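Worksheet for the structure shown next.
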Amino acid sequence: MQKILFATSEAHPLIKTGGLADVASSLPRALLKRGHDIKILLPAYASVLNKAKEAGVKKVTEISIPGQTISLLQTRLPGSRVTVILVDIPQFSERDGNPYCGPDGSDWGDNHWRFYVFARAAEAIALNEANLDWQPDIVHCNDWQTGLIPALLAQHTNKPASVFTIHNLAYRGLFSYQIFAELGLPSDYWHHDKLEFYGQMSFMKGGLAFADAITTVSQSYAQEIQTPEFGCGLDGVLRARAKDLTGVLNGIDMDEWNPGADKLITHNYNRRTVGQKVANKIALQEQLGLPVNESIPMMGFIGRLVEQKGIDLILNQMNQLLAQDCQLVILGSGFHSYEEALKNIAKQHPHKVSVTIGYNETFAHQIEASADIFLMPSIFEPCGLNQMYSLRYGTLPVVNAVGGLRDTVNERPFDDIGADGNGFVFHTATPQELHLAIKRALDCYKQPDLWKKMQKNAMSQDFSWEKSAEQYEEIYQKILSR
Ligand code: ADP
Ligand code: GLC
């Protein structure tokens, strides 16, 4: 049994902007189930305090650093026995909305300070200097928001071991030299082997340079980020640490994403009754005002509308797509230009395309249950959860062969689907290749027996956390025994 402090800037259902939140909630629960003493460390954003009310929030202690008094609060992750420690400073708790940026979409001007203070709180807990009477063996950090934690811990001797997980290397947490100086970080950290990154400071680099072990969320992404194409300028650092870098594929919450028991969808179904899935499609067609027809293939897309997700590829083959007999249902939010372009297409083709801008969990479940095909043509994808949710719901994914998409989706020839053919994969990120893959999906859909076989393959896959949690345990063991 290990004592683990799991530091994260998001955890579902308290706060979520993307897959990190899902992982930061389901991995700790899996580790708790396996007998570990795990506590999540999370910023006390206003919305988190609001949602945590039901489980009860109590102040446990207070710590001070120059310029800031930090309250530590304690609550529980709703629906679980996992303890959550909330780092409460007004810069977190007095702000509504997105954790990283304001209503106009630009980053909060004091993000460096907010996540520096968060790291200082983690440091105090890690060293058992926060009056919690609890010292972790492992501090498990996630993405740039927690990157300074291993860097701060490196200054001490009686420190726990640290793991840094990269969920998305593209967000490097970059700030100026002036901010580096203001934060009073050790001056020798201004070095390209430490926090300095081409004349700026990178919080992400703190994790990469100082953590005892580095992990990322799929095996393919672990390889890709060591190349200039996917390395975001950090591939050199990652190659230097290659022997400490492991890819561990994310699991999913098999209870929350279970078509057999999902309360958010109209009709439950499972592998054996997958034929009944179509009732969800009809319900969604009615709900969205699309022509009601059970045999029209419906494609779904859910996600952040950002470059990473391949929105340009979707847009650039839209005319060819619209020439096909199909329906397209999109849910997402992000860049204004993508939102506008998609809304315009829906306006021009109301009988084929439905676009919902916003964030809506219920609707996300309904799309997974209703669509036949799921589009996920990401340019890069560290792991990706939506393709796994899709597979579990028998909604066959069309994906670009990168990162976790490559590791979870397999395309096989129609006459030899085997036990693992479960989707449609293209290998060059162009609109043409995406369209050809969509065409293959639509052709396959016309062969009901083949389609059903692939749905069964998809729905039989095991995406539970068991195997991955075990891999994390092995990594914890390895660094503790060093
Ligand atoms: P990323 O973390 O890069 O955004 P993932 O596929 O790992 O991509 O995870 C995205 C998560 O966020 C999924 O749980 C997905 O259902 C959810 N999600 C993304 N956009 C929306 C939205 N507009 N409404 C509801 N859920 C969303
Ligand atoms: C990031 C990645 C996504 C991954 C998620 C959880 O947001 O973009 O691919 O699934 O983190 O690890």
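In this text the structure is predicted, and so the values were computed from the model without any measurement. Atoms within each ligand, like the ligands themselves, are counted from 1 in listed order.
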Worksheet item: Does ligand 1 have a heavy atom under 4.0 Å from the side chain of Asp22, from its backbone, from both, or from neither?
Response: side chain
Fill in: Electrostatic pair Asp253:Arg29 at N-O distance under 4.0 angstrom
yes
Discussion item. Looking only at protein heavy atoms, which one is nearest to atom 16 (O) of ligand 1, and what is the separation?
Written reply: Asn386 OD1, 3.3 Å
Discussion item. Hydrogens and angles aside, do Thr408 and Gln387 bring a side-chain donor and acceptor to less than 3.5 Å of each other?
Written reply: yes
Worksheet item: Among all protein non-hydrogen atoms, which one is nearest to atom 1 (C) of ligand 2, and what is the separation to 0.1 Å?
Response: His167 O, 3.2 Å
Discussion item. If we check ring pair (Phe, Tyr, Trp, His ring centres under 6.0 Å) with Phe115, which of these qualifies: Tyr171, Trp144, Trp108?
Written reply: Trp144
Worksheet item: In terms of residue, atom name and distance, what is the protein heavy atom nearest to atom 27 (C) of ligand 1?
Response: Tyr359 CE1, 3.4 Å
Worksheet item: Got an N/O contact under 3.5 Å between Glu361 and ligand 1?
Response: no
Practice prompt. Considering only NZ, NE, NH1 and NH2 on the basic side and carboxylate oxygens on the acidic side, decide whether Arg392 and Glu368 come within less than 4.0 Å.
Written response: no
Practice prompt. Just jot down the ligand 1 atoms closer than 4.0 angstrom to any heavy atom of Gly18, in number order.
Written response: 2 (O), 4 (O), 11 (C), 12 (O)
Discussion item. Considering non-hydrogen atoms of the protein only, which is the closest contact for atom 24 (N) of ligand 1, and what is the distance?
Written reply: Asn360 N, 3.0 Å
Discussion item. Any heavy-atom pair between the side chains of Tyr45 and Arg114 that's under 4.5 Å?
Written reply: yes
Worksheet item: Do Leu20 and ligand 1 have an N or O pair less than 3.5 Å apart?
Response: no
Practice prompt. Quick one: look up the protein heavy atom nearest atom 8 (O) of ligand 1 and list residue, atom name and how far away it is.
Written response: Lys309 NZ, 3.0 Å
Fill in: Heavy-atom side-chain proximity of Lys277 to Gln455 below 4.5 angstrom
yes
Practice prompt. Grab the two heavy atoms, one from Gln366 and one from Gln287, that are nearest each other, plus how far apart they are.
Written response: OE1-NE2, 3.6 Å
Worksheet item: How far is atom 4 (O) of ligand 1 from its nearest protein heavy atom, and which residue and atom is that?
Response: Arg304 NE, 2.7 Å
Item to complete: Identify the protein heavy atom lying closest to atom 9 (O) of ligand 2, giving its residue, its atom name and the separation to 0.1 Å.
Response: Glu381 OE2, 2.5 Å
Discussion item. Please evaluate residues Val48 and Leu86 with respect to the criterion side-chain contact (heavy atoms from CB on, under 4.5 Å), reporting the C-alpha separation (whole Å), side-chain torsions for both, the decisive distance (0.1 Å), and the verdict.
Written reply: CA-CA 9 Å; Val48 165; Leu86 299 171; 3.7 Å; yes
Worksheet item: Between Glu473 and Arg34, is the closest basic N to carboxylate O distance under 4.0 Å?
Response: yes
Item to complete: Give a yes or no on whether a salt bridge exists between Asp244 and Lys478, defined as a side-chain N under 4.0 angstrom from a carboxylate O.
Response: no
Worksheet item: Of Gly303, Gly332, Pro382, which has the heavy atom at the shortest distance from atom 20 (N) of ligand 1?
Response: Gly303
Item to complete: Return a yes/no value for Lys309: is any of its N or O atoms, backbone included, closer than 3.5 angstrom to an N or O of ligand 2?
Response: no
Fill in: Per atom 11 (C) of ligand 1, closest listed option by heavy atom (Gly334, Gly19, Ser390)
Gly19
Practice prompt. Check each atom of ligand 2 against the heavy atoms of Asn168 and keep those under 4.0 Å away; list them by number with element.
Written response: 8 (O)
Worksheet entry | Distance flag, aromatic centroids of Tyr476 and His140, threshold under 6.0 Å | yes
Practice prompt. May I ask you to check whether Gly384 has an N/O atom sitting below 3.5 Å from an N/O atom of ligand 2?
Written response: yes
Practice prompt. Using a 4.0 Å heavy-atom threshold (strictly under), name the region of Tyr389 that reaches ligand 1: side chain, backbone, both or neither.
Written response: side chain
Worksheet item: Looking at CG of Leu31 and CG of Asp37, how far apart are the two atoms once the value is rounded to the nearest 0.5 Å?
Response: 11.5 Å
Response to the item:
Counting heavy atoms under 4.0 Å, the part of Val23 that contacts ligand 2 is side chain
Discussion item. I need the nearest protein heavy-atom contact for atom 23 (N) of ligand 1: residue, atom name and distance, please.
Written reply: Gly358 O, 2.8 Å
Worksheet item: Among all protein non-hydrogen atoms, which one is nearest to atom 8 (O) of ligand 2, and what is the separation to 0.1 Å?
Response: Gln308 NE2, 3.1 Å
Practice prompt. Please answer whether the main-chain N or O of Pro291 pairs with a side-chain N or O of Gln327 as donor and acceptor at a distance below 3.5 Å.
Written response: yes
Practice prompt. If you have a sec, work out which protein heavy atom is nearest atom 12 (O) of ligand 1 and how many Å separate them, to one decimal?
Written response: Lys16 CE, 3.5 Å
Discussion item. As an exercise, identify every atom of ligand 1 less than 4.0 angstrom from a heavy atom of Ile302.
Written reply: 21 (C), 27 (C)
Item to complete: Could you see which bit of Asn250 sits under 4.0 Å from ligand 2, with heavy atoms only: side chain, backbone, both or neither?
Response: side chain
Discussion item. Using 0.5 Å steps for rounding, measure from the OG1 atom of Thr395 to the CZ atom of Phe374.
Written reply: 8.5 Å
Worksheet item: So, Glu340 and Lys343, do they make that salt bridge, N to O below 4.0 Å?
Response: yes
Item to complete: Give the residue, atom name and distance (to 0.1 Å) of the protein heavy atom nearest atom 6 (O) of ligand 1.
Response: Leu385 N, 2.9 Å
Item to complete: Could you list which atoms of ligand 1 come closer than 4.0 Å to a heavy atom of Gly384?
Response: 6 (O), 7 (O)
Practice prompt. Please say whether Val217 places an N or O atom under 3.5 Å from an N or O atom belonging to ligand 2.
Written response: no
